Amino acid sequence: MTHEYSTQELMIIAAARQIADGERIFVGMRLPITAYGVARLTHAPNAVGLFESGVARYEPADGMLYTMCDGPNQLGAAWTTGLIQIMGLLSGGRVHAGFIGGAEVDRFGNINTSYIGDIDDPKVKLPGSGGAPDIAAMAERLVIIINHQKHRLVEKVDFITSPGYLDGGDARKKAGLPGAGPAVIITDRAILKPHGPSNEFHLASIHPGHTVEEVVGNTGWDLKSFPEVEQTPEPTKEEMDALHHIDKEGFWRS
Amino acid sequence: MTHEYSTQELMIIAAARQIADGERIFVGMRLPITAYGVARLTHAPNAVGLFESGVARYEPADGMLYTMCDGPNQLGAAWTTGLIQIMGLLSGGRVHAGFIGGAEVDRFGNINTSYIGDIDDPKVKLPGSGGAPDIAAMAERLVIIINHQKHRLVEKVDFITSPGYLDGGDARKKAGLPGAGPAVIITDRAILKPHGPSNEFHLASIHPGHTVEEVVGNTGWDLKSFPEVEQTPEPTKEEMDALHHIDKEGFWRS
Amino acid sequence: MSLSEAISTFVQDGCNIVLGAALENAVPFAATHELIRQGRRELNMIAPISDISTDMLIGAGCVTEVTGAWVGNVSGGMGHNFRRAAEKGLPHPIKVNDYSNFTIGMAFFAGAYGLPYIPVKTILGSDIMKSNKNIRLAEDPFSGEPVALVPALKPDVAFLVVQRADKAGNSHIWGSTGLTQEASIAANKIIVLADEIVEPEVIASDPSRVLIPGFGVDAVCHVPAACHPAPLIGKWKRDNHFFHDYHKETRDPADFDRWCDEWVRDLPDHEAYRAKLGGQLEDLRILGDIPSAPANYATE
Amino acid sequence: MSLSEAISTFVQDGCNIVLGAALENAVPFAATHELIRQGRRELNMIAPISDISTDMLIGAGCVTEVTGAWVGNVSGGMGHNFRRAAEKGLPHPIKVNDYSNFTIGMAFFAGAYGLPYIPVKTILGSDIMKSNKNIRLAEDPFSGEPVALVPALKPDVAFLVVQRADKAGNSHIWGSTGLTQEASIAANKIIVLADEIVEPEVIASDPSRVLIPGFGVDAVCHVPAACHPAPLIGKWKRDNHFFHDYHKETRDPADFDRWCDEWVRDLPDHEAYRAKLGGQLEDLRILGDIPSAPANYATE
């Protein structure tokens, strides 16, 4: 290892690798928007970033964004328009992928950002869906980003805000959902991918410095592994340079 | 009669009187747009003109228009936008009236601008509907303008492009149409209005110089009269001045 | 018309209100404050996302129903008042009508343009189909496939912030607009909060930049920085600290009350609010000028 | 890319084509001509109203299906070719799929934004419900009232004229747009005919004036006056005489053939068409400048 990186920086770079050149991506704030910036500066110079408030950009915004509606995200944008116009692109194969996070994700990639506990008497009322269900339903593929803790990667979410593979198998297709579903869950310890006809998420790759036992022990379901569990490749110098160029203040370095 | 006017000028002024101040009106080209201009200059200075291509105007355009999309109709407009935005205003009580014409109108105010003869083997293929059915369905009331000839005012139109009262009575309401339906037919000889529960059009007013016998003889159905048939009031000096101000070239004078 | 007058004229207790539909910019916070000051009750707040506006109104006891996709503090975390109301019924219980951003967009679109409902696919498989009883699962009669029917939403009143308007409410908006157009046209009454009042000629010089025509507007109020602490493109930067402080200072009900007294109830109007912000607001004012290329509307 | 290349790449015989969806302005007549020159056959022409474009294509034998609300000559009267085809099957029969303007708008909207169909009220009671077999009468499951279900339309290719674009297809449109946005996004391929090619910075200076983003555009062709004889706001006046002459000179099939040879088939491309028009075209060029008020996008 010739260069230092934080766990968060590794997650950003793993996320950036999910973006192919020329793709149109629904980019959230924080970690995914940084990943988008890294991808644009490295292997995906022609990617397009979409923001559900009604913004599409080629070049990432200059400077730190607190919300997708901030001025720097609109200055010089490819398009500032309405939510229907932007989110409507999800249909018709015009959007390749979306990034979303959540409070909970389950073994079939279903995501909860709505209620912990009972709907009518919730233990925690989470902020809600935003546009995540729409992106989860329609994008060609979904990238889920979440911290790897037992209460976050759970057997079954209390509330499916954004559908993954629902009860697994072909349940998603039967429900009439056009997009293919979540392709990957990127955590701070590992990368999980859907396996076989059940579409249950299995361990696909472990981040450097972590072990299978630790990952399984921090997962809320009986996590199985792909036949060959890889080690997540370390960030390259080019990737780290791009990230440092974007994250000038070192927000993600700790 | 202290001032000369043509039949067409009388029709324009009769149409202008259908516009109340502050109303939003779907204005077609030619005769109705001139009527709108007269109304704005006389009794309806706050009327708003809507054009289905996506234009809304306060002041009528300066100069002769050949289509609603011509530059002079867009310069200084209140709104240049899309068709859905403008026509969408028809719902929710935001549009008070619409003007439409046609090749044929029948005793219940149904209008044909599509097919003369059989649909599958038409004698005449007319240009089609444009936005007229939408306006006919949704506007609070409809003003129909047509020349008074036996083959134009017919017992039953070959094809209902834009619905009036359909088969009469409450057929229109039963069909689920939100707007109240045609309020008036203005011809070059007379003004007809729907009568009683049948909603059949009866003779309401005769233009100066015309007779009941002549009007009935040029109507394709057995035209009945309101108990008191009025004479259409002659244009006032103010109305004629307004019309001459708009129609500087005397297009409507012959 | 003053904002106070517009609200006392057009907003009654129990109204269904859209207060900002552009998501995180152009949020009409000045109207949020005035609704709290006038003590409106039993409001149904409808919006995809209105940053902390909805949380404030809930904390002040104005709200019994929330219709939307997201309630919280976009840069600051969860909304304490929203959580307290939903979890503990404090200051009183609220009913939450969940939508996703696109489905509430379709509900507004249907309401705006006279469609009884819209069939969508983007909410299939989500438990929002279970929690929101207004949305129905049905079969697409053309294909036989499942489809979710989202009925039209027709709010009573919509508030929107625009960069500039003339006295008649003809206005210009630029930057992303979220669901502003659909939500406003769907509403029965439209109240425009204009950052700047300009001559009619300025608006008429560019009718394609008009989002809602003046003849559809019921009241236009001149309220500079009505969006604070949210941003307004070309006019005001976002006050990120304010959102952060709100999160810290509203952790429990007594704290929220203190915050709300200081920033809302103890101030007579938005002018006093701006004066209280003072230099903090001035620092957010955009002084630079990066103008759009002109469009030519000449006819000759 | 040249227009000739764009059409040979993206348009096959049998395609469903939107050629102008702005109604009477910005009609891409240059594409009409090139489709005739390349001898495309069995096209389905889809548009609310495209003035005489559809009539020309019918007369040249390119069309077997017409989907829209109105076909004719807006200022000149009926379309002789449309009538001949519908009434006498000359040059060959055409199938007409009737819509009203709003319902074809809803069909495009559904196609653009992934909705299987849209329930509308504006076509109830019209015999269009009988002549267009795609539209179904149904019951609104919420209210029990009648409703017309209009299925999504997904054209293969859409052509649109814009005032200015950069080389990547990012473009600005102003003035009324009819159904341009919905019809284009609904289409599988989008071909932009730019009146002027400008630097990317010009377009990026005003992202709110973009109707279709460049990343959605499949080909951008620089074709000045592609709209002739239709108008383009701020660029070209309408050639009213040309529409009138077309009406007079296409009364019977032999006349139309002569007209079409002279104005389309005997000319290699649009540059030659512009050269043939010569001073007549120059007289239509808008020389004045009535610029829009600038919008400020500065962030500081």
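Heavy-atom basis, side chains included; hydrogens, waters and symmetry copies ignored. Note that the structure is a prediction, hence the values are computed from the model and not measured.
- Chosen from C:Gly234, C:Gly125, C:Ala21, the residue pairing most often with chain A at heavy-atom distances under 4.5 Å is C:Gly125.
- Ranked by heavy-atom pairs under 4.5 Å with chain A, the list C:Ser126, C:Ala85, C:Gly72 is led by C:Ser126.
- Heavy-atom pairs under 4.5 Å with chain A were tallied for C:Ala230, C:Pro231, C:Ser100; the largest tally goes to C:Ser100.
- Scanning residues 139-153 of chain C against chain A with a 4.5 Å heavy-atom cutoff picks out C:Pro146, ordered by number.
- Side-chain N or O atoms of C:Asn132 include none that pairs as donor or acceptor with a backbone N or O of C:Met129 at under 3.5 Å.
- Neither the backbone nor the side chain of A:Arg172 comes within less than 4.5 Å of any heavy atom in chain C.
- Of all heavy-atom pairs between A:Ala175 and C:Leu124, the closest is O-CD1, 3.4 Å.
- When all heavy atoms of C:Leu179 and C:Phe108 are compared, the closest pair comes out as CD1-CD1, 4.0 Å.
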With side-chain hydrogen bond (donor to acceptor under 3.5 Å, both in side chains) as the test, would you mind laying out the steps for C:Asn240 and C:Ser75 before giving the verdict? CA-CA 7 Å; C:Asn240 298 306; C:Ser75 62; 4.8 Å; no
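- The two residues A:Leu65 and A:Pro72 make their nearest non-hydrogen contact at CD2-CB, 4.0 Å.
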Run the side-chain hydrogen bond (donor to acceptor under 3.5 Å, both in side chains) check on C:Asp55 and C:His80 step by step: do they pass? CA-CA 7 Å; C:Asp55 192 71; C:His80 301 300; over 6 Å; no
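- Both the backbone and the side chain of C:Glu87 come within contact range of chain A, each with at least one heavy atom under 4.5 Å from a heavy atom of that chain.
- At a threshold of 4.5 Å between non-hydrogen side-chain atoms, the residues C:Lys95 and C:Thr64 do not count as touching.
- Contact count against chain C (heavy-atom pairs under 4.5 Å) is highest for A:Asp134 among A:Asp134, A:Asp70, A:Thr80, A:Thr67.
- When the candidates C:Asp51, C:Val120, C:Thr122 are compared by the number of heavy-atom contacts under 4.5 Å with chain A, C:Thr122 comes out ahead.
- Between C:Phe242 and C:Tyr246, a ring centre-to-centre spacing not shorter than 6.0 Å is recorded.
- When A:Ala137, A:Gly131, A:Gly130, A:Gly176 are compared by the number of non-hydrogen pairs under 4.5 Å with chain C, A:Gly130 comes out ahead.
- Geometrically, C:Arg238 engages C:Phe243 in a cation-pi contact defined by less than 6.0 Å to the ring centre and at most 45° from the axis.
- Note that the CG atom of A:Asn46 and the CZ atom of A:Arg40 stand 6.5 Å from one another [nearest 0.5 Å].
- With 3.5 Å as the limit, one finds a donor-acceptor pair spanning the side chains of C:Ser131 and C:Asp98.
- Pairing each heavy atom of C:Gly105 with each of A:Ile84, the nearest pair is O-CD1, 3.8 Å.
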Before giving the answer on salt bridge (charged side-chain N to carboxylate O under 4.0 Å, His left out), spell out for C:Asp127 and C:Lys130 the whole-Å C-alpha distance, their side-chain angles and the decisive distance to 0.1 Å. CA-CA 5 Å; C:Asp127 285 340; C:Lys130 295 176 192 163; 3.1 Å; yes
Decide yes or no on side-chain hydrogen bond (donor to acceptor under 3.5 Å, both in side chains) for C:His172 and C:Arg164, but give the supporting numbers first. CA-CA 6 Å; C:His172 278 174; C:Arg164 61 189 176 210; 3.1 Å; yes
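- The contact between A:Ser53 and chain C is made by backbone and side chain atoms together, counting heavy-atom distances below 4.5 Å.
- Exactly one residue among A:Gln18, A:Glu23, A:His96 makes a side chain to side chain donor-acceptor pair (under 3.5 Å) with A:Arg141. That residue is A:Glu23.
- Chain C forms the most heavy-atom pairs under 4.5 Å with one residue out of A:Leu75, A:Thr81, A:Val55, and that residue is A:Thr81.
- For A:Met68, the parts lying under 4.5 angstrom from a heavy atom of chain C are both the backbone and the side chain.
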Checking side-chain hydrogen bond (donor to acceptor under 3.5 Å, both in side chains) for the pair A:Thr34/A:Trp252: CA distance, chi angles, key distance, verdict? CA-CA 9 Å; A:Thr34 313; A:Trp252 299 107; 3.2 Å; yes
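- The interface of residues 104-129 of chain A with chain C, defined by heavy-atom distances below 4.5 Å, comprises A:Tyr115, A:Ile119, A:Asp121, A:Pro122, A:Lys123, A:Val124, A:Lys125, A:Leu126, A:Pro127, A:Gly128, A:Ser129.
- Only the backbone of C:Tyr99 has a heavy atom closer than 4.5 Å to any heavy atom of chain A.
- Heavy-atom distances place the side chain of C:Ile290, and not its backbone, under 4.5 Å from chain A.
- Comparing C:Ala26, C:Ala86, C:Gly68, C:Gly76 by heavy-atom pairs within less than 4.5 Å of chain A, the highest count is held by C:Ala86.
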